[in-house]
Amino acid sequence: MRSDALLGWYARVKRALPWRETRDPYALLVSEVMLQQTQAARVVPRYQAFLARFPTAAALAAAPLREVLEEWSGLGYNRRALALQAAARHVAAHGWPEDLEELPGVGPYTAAAVASFAWDAPRAAVDVNVARVLARWDGRALTSAAARARAAEELPAGRAADFNQAMMELGATVCTARVARCGSCPVARWCVSAGTPVPAPVRRGTRTRFEDTDRFARGRVLAALVAGNPLPRLAPERLERAIAGLAADGLVVRDAAGAPALP
């Protein structure tokens, strides 16, 4: 069976990642939020340092925002840190909800991942890697809802945690977006797309340098405030746009003179 072959492969080759060694839902939530749009290798040291500083949901809930952002600095997408702290405050005040999507910033994928990894809940966690694997297995495009339904069909009884991890591992290391290493795939015999070349990505327009984006400017401003340094030298309109965006997200406030500061 496909699931047996996949699980056997995963047991042999799985990467040693610290969040795979815990059943603590708080630690797992931290890892899942950090892993959003950030590679696992970069997350490992930040995850360990974050948990050393904020070992429980209660500790994170009570921490000043400046300290949270200091520990998050360098991971990017700082709104994730705000959402994570808001979720920790909910857990500290009310405990873990039965439906994890009640937590701020937690969507279907994160809810399924944490529930399966922490409590063996029979939930299929479908991120972009898993959705791609499923689409290649079936040889057709899948909507988000269809991908979740297909993953649920494949989910072996009592093995949700291992199955979800195995699917993510397959999509991250073998069945990648740029290359499908079908010769190394443990389930190629059950895949409609096995041996089919992966189309080259379509590039549309001129790619903007990251240093020229608003996200880069916002990161520079926030990093300066966290470190207590002067604001970065940016064009006035770009600096104002960055500050306004950070204020709209609740990451900074303005004093009477309109200067930004951490809340």
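Every value quoted in this text rests on a predicted model; they were computed, and no experiment measured them. Positions are given from 1, in the same order as the sequence printed here.
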Consider only side-chain heavy atoms of I, L, V, M, F, W and Y, link residues closer than 4.5 Å, and tell whether Val128 and Met34 are in one cluster.
no

Between Gln85 and Phe54, is the side-chain contact (heavy atoms from CB on, under 4.5 Å) condition met? List the steps.
CA-CA 10 Å; Gln85 187 174 41; Phe54 312 114; over 6 Å; no

Do Trp19 and Val30 make a side-chain contact, defined as non-hydrogen atoms from C-beta onward lying under 4.5 Å apart?
no

Any side-chain heavy-atom pair of Arg241 and Asp214 under 4.5 Å
yes

Are Met167 and Tyr10 side-chain neighbours, meaning at least one heavy-atom pair lies under 4.5 Å?
no

Hey, could you give me the OG/CG distance between Ser73 and Leu222, rounded to the nearest 0.5 Å?
7.5 Å

Co-membership, hydrophobic cluster, residues Phe50 and Tyr77, 4.5 Å side-chain:
no

With a cut-off of 3.5 Å and sequence neighbours excluded, list every side-chain donor-acceptor pair involving residues 182-193.
from, atom 1, to, atom 2, distance (Å)
Ser193, OG, Arg136, O, 2.7

If you define the side chain from C-beta out and look only at heavy atoms, does anything of Leu17 sit under 4.5 Å from Val43?
no

Shortest non-hydrogen pair, Arg148 vs Val126, comes out as CA-CG2, 3.9 Å

The reported gap from CG in Leu29 to CG in Asp24 (rounded to nearest 0.5 angstrom) is 10.0 Å

Over all heavy atoms of both residues, which pair between Val179 and Thr176 is shortest? Give the atoms and the distance, please.
O-OG1, 2.6 Å

As a quick check of understanding, evaluate side-chain contact (heavy atoms from CB on, under 4.5 Å) for Leu246 and Asn78, giving each step before the final call.
CA-CA 9 Å; Leu246 290 168; Asn78 292 285; 5.8 Å; no

On a heavy-atom basis, which atom in Ser31 and which in Leu28 lie closest, and how many Å separate them?
OG-O, 2.7 Å

Steps toward salt bridge (Lys or Arg N to Asp or Glu O under 4.0 Å) verdict (Arg150, Glu154)
CA-CA 6 Å; Arg150 281 290 291 114; Glu154 296 284 338; 3.2 Å; yes

Sidechain-backbone polar pair: Arg218 side chain, Ile243 backbone, donor-acceptor under 3.5 Å:
no

Over-ring placement of Arg2 relative to Trp137, 6.0 Å and 45° cut-offs
yes

Does the salt bridge (Lys or Arg N to Asp or Glu O under 4.0 Å) test come out yes or no for Glu169 and Lys14, once each step is laid out?
CA-CA 7 Å; Glu169 191 80 354; Lys14 64 180 178 180; over 6 Å; no

Spacing of Leu69 atom CG and Leu82 atom CG [to the nearest 0.5 Å]:
6.5 Å

For Glu153, does the CD atom have more than 12 heavy-atom neighbours from other residues, nucleotides or ligands under 6.0 Å away?
yes

Between Asn164 and Ala125 (side chain of the first, backbone of the second, donor and acceptor by atom type, cut-off under 3.5 Å), is there such a pair?
yes

Any idea which heavy atoms bring Val133 and Gly171 closest together, and the distance?
CG2-CA, 3.7 Å

Determine whether more than 12 heavy atoms belonging to other residues, nucleotides or ligands lie under 6.0 Å from atom CZ of Arg23.
yes

Counting only pairs under 3.5 Å, give me each side-chain donor-acceptor contact of residues 253-263, with atom names and distances, residues two or more places apart or in other chains.
from, atom 1, to, atom 2, distance (Å)
Arg254, NH1, Gly258, O, 3.0
Arg254, NH2, Glu240, OE2, 2.7
Asp255, OD1, Ala257, N, 2.9
Asp255, OD1, Gly258, N, 2.9
Asp255, OD1, Ala259, N, 2.8

Of all heavy-atom pairs between Arg12 and Gly8, which one has the smallest distance, and what is that distance?
NH1-O, 3.2 Å

What are the two closest non-hydrogen atoms of Ala166 and Leu7, and how far apart are they?
CB-CD2, 4.4 Å

For residues 92-114, please give each side-chain donor-acceptor pair under 3.5 Å, one per line with the distance, not counting sequence neighbours.
from, atom 1, to, atom 2, distance (Å)
Asp99, OD1, Glu101, N, 3.0
Tyr109, OH, Glu32, OE1, 2.8

Side chains of Arg220 and Phe216: closer than 4.5 Å at any heavy-atom pair?
yes

Go through it in stages, so that I can follow the logic: the residues are Val252 and Leu225, the test is side-chain contact (heavy atoms from CB on, under 4.5 Å), and I'd like the CA-CA distance, side-chain angles, deciding distance and then a yes or no.
CA-CA 9 Å; Val252 304; Leu225 293 174; 3.6 Å; yes

Verify the distance criterion only: is there a donor paired with an acceptor across the side chains of Gln36 and Arg80 at less than 3.5 Å?
no

Determine whether a donor-acceptor pair (N or O, by modelled atom type, separation under 3.5 Å) exists between the side chain of Arg159 and the backbone of Asp4.
no

Audit row: Tyr26, Val91, side-chain contact (heavy atoms from CB on, under 4.5 Å) steps and yes/no:
CA-CA 9 Å; Tyr26 166 69; Val91 171; over 6 Å; no

Any side-chain heavy atom of Gln165 within less than 4.5 Å of one from Phe117?
yes

Are any non-hydrogen side-chain atoms of Arg15 and Thr173 less than 4.5 angstrom apart?
yes

Kindly indicate whether the side chain of Val130, heavy atoms from C-beta on, has any atom under 4.5 Å from the side chain of Leu134.
yes

